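Scope of the values below: all heavy atoms of this structure, side chains included, with no hydrogens, waters or symmetry mates. Nothing here was measured: the structure is a model prediction, and the numbers come from that model.
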Amino acid sequence: MYSGVSRGTLGELYQGPHWEEGLPHISLVSLPVDKFSWCHMALDPSAAEFDTSALATRPKAARAMDLFLDRYGLTMPAGRMAFHTELPPGKGMASSTADIVATLRCLFRLFALPYDQNTVTGILARIERADSVFLDEYALYLSAAQRVVRRLGDRIGLYACYIVEEGSVDTEAAGPVLLAHYGRHRAAYRACVDELLAAFARSDPAAVAAAATSSAALSQSVVPKRTFEALYEHRAEFAADGIVVAHTGTVVGYLFRERPGQQQHAELSEFFMGLGHQCHFSHVGWGHG
C-alpha cells in the first residue's frame, strides 16, 4: 500500500493582484487548514492491469497521473487507487488541487522516486489555477503561473470558527471577473497586501488577521458571502481578530490568535446557528498560535 496526502485550505488570507509589466496576475496567500485529501495505491499481483475506476470521478487527478507517467516514462502496475477527502468541492478549500498533489505524492512513493516540487508545480500549471497546498509555509503565490513571489514562513498559527455557505463557485470562470475588479481597486489592494506582508515580517498574528479582514471585504463585490456583513458587525462581541473567506468559494469565518474556550465555542455555535449554519472549528496556518 502506498499513500499520498495533501492538506487543503480555509480560503485565503489574501487574494488580489500582483502587477508585472503593467498587467495584473491573480495572487494569493492561502490559509492551510487541518483537513486533508488522500490517494492510496494498492498493488494486486493477481490482477491483469491497473484498475482506473477510482479515477472516473476525479479527472484532474487522472490527468496528473498521466502527466507524471509521461514525465518519467513509467506505466502503472496492476492494482487500484482509492481516494478519500475531507474537502468539499466548489467551496474554496482547494479540493481539486489537494487531490492532484495527493495523487502525485502517492506516485512518487509508489515508484520510489525522490519528491520533486518542480514536477508538481509543472503538472499543476498544465491542469488548473491552483493554491499553494504543496508548500509547508505561507507564500504570496501566483496561482496561474504556479510561481512563488515571496515566502512568508511558517511561524503564524491561528484558530478558525467557520461555516460553508450553500452553492459552489467555478474558480476558473471567476478569473476574468477578478482581474477586472483588481484594475478598479488597485490602490486598495496595494494597501491590503502591504499590510499583510508587513504583518508577516514582524510575525504579528493579529495584524495578519486584520489584513485578511480587509481582503475579505474587498472580495464582497465579486464573490459575496451572504453572512459576511453579520460576521463583520459582530466580530468584537466574540473578540475575533479577523475574518477569513474563500475568495472564490463559499467559506467564511472568524480568526483567533488564541484557541476559543468552551463558553466561546458555545456562543459562536449559537451565533452561527442563528444564521442558519452549523459552524466548524479548526487550527489553521503553520505555527501553533
Side-chain angles (χ1 to χ4, degrees), residues 7-18 26-35 92-94 131-143 148-163 178 182 185-220 222-223 225 227-228 231-249 251-261 264 268 279-289:
R7 64 173 27 89
T9 69
L10 196 70
E12 299 83 23
L13 294 169
Y14 171 81
Q15 182 171 299
H18 175 74
I26 297 173
S27 66
L28 47 85
V29 178
S30 295
L31 180 62
V33 64
D34 285 349
K35 304 290 182 183
M93 299 182 74
D131 296 87
S132 56
V133 297
F134 52 87
L135 296 176
D136 290 332
E137 62 178 324
Y138 296 103
L140 182 63
Y141 189 74
L142 301 186
S143 63
V148 174
V149 176
R150 185 182 302 186
R151 295 180 180 273
L152 302 174
D154 61 357
R155 299 178 60 185
I156 291 179
L158 297 161
Y159 297 91
C161 175
Y162 67 96
I163 60 172
L178 289 173
Y182 296 160
H185 300 277
R186 184 169 181 170
Y189 275 103
R190 180 72 262 174
C192 181
V193 73
D194 285 348
E195 177 188 358
L196 181 69
L197 297 179
F200 271 108
R202 61 179 187 270
S203 297
D204 185 341
V208 166
T213 307
S214 299
S215 184
L218 282 167
S219 77
Q220 271 296 97
V222 185
V223 184
K225 311 299 180 287
T227 58
F228 177 83
L231 267 70
Y232 191 85
E233 292 172 5
H234 291 275
R235 65 194 189 282
E237 296 175 25
F238 301 109
D241 292 290
I243 297 174
V244 64
V245 301
H247 288 69
T248 50
V251 172
V252 56
Y254 285 127
L255 294 173
F256 301 90
R257 286 172 292 173
E258 304 294 335
R259 185 191 300 272
Q264 201 172 10
L268 286 162
C279 67
H280 308 274
F281 298 94
S282 182
H283 175 262
V284 289
W286 294 109
H288 296 291

R259 to F256, cation-pi by 6.0 Å centre distance and 45° axis angle: no

Could you check if a side-chain atom of [X] sits within less than 4.5 angstrom of a side-chain atom of [Y], using non-hydrogen atoms only?
| X | Y | answer |
| --- | --- | --- |
| Y14 | L197 | no |
| Y138 | L196 | no |
| Y182 | Q15 | yes |
| D136 | D154 | no |
| D131 | Y141 | no |

Between [X] and [Y], which heavy-atom pair has the shortest distance, and what is it?
| X | Y | answer |
| --- | --- | --- |
| G157 | H283 | CA-NE2, 4.1 Å |
| I26 | L178 | CD1-CD1, 4.0 Å |
| A216 | I243 | CB-O, 4.2 Å |
| Y162 | K35 | OH-CE, 3.7 Å |
| P205 | S203 | CD-O, 3.3 Å |
| E137 | G153 | OE1-N, 3.2 Å |

Nearest 0.5 Å, please: how far is [atom2] in [Y] from [atom1] in [X]?
| X | Y | atom1 | atom2 | result |
| --- | --- | --- | --- | --- |
| W286 | L135 | CH2 | CG | 8.0 Å |
| L142 | L28 | CG | CG | 8.5 Å |
| S282 | L158 | OG | CG | 11.0 Å |
| C192 | L13 | SG | CG | 10.0 Å |
| E237 | L268 | CD | CG | 10.5 Å |

Any side-chain to backbone donor/acceptor pair from [X] onto [Y]? Under 3.5 Å, distance only.
| X | Y | value |
| --- | --- | --- |
| T9 | L31 | no |
| S215 | A211 | no |
| Y254 | L231 | yes |
| S27 | G16 | yes |
| D241 | R257 | yes |
| K225 | A246 | yes |

Salt bridge (charged side-chain N to carboxylate O under 4.0 Å, His left out) partners for D34, two or more places apart: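 Checked D34 against salt bridge (charged side-chain N to carboxylate O under 4.0 Å, His left out); matches are R7.
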
Within 6.0 Å of CZ in F238, more than 12 heavy atoms from elsewhere: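 Enclosed: over 12 neighbouring heavy atoms sit under 6.0 Å from CZ of F238.
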
Sequence-distant partners of E12, side-chain hydrogen bond (donor to acceptor under 3.5 Å, both in side chains), two or more places apart: H247

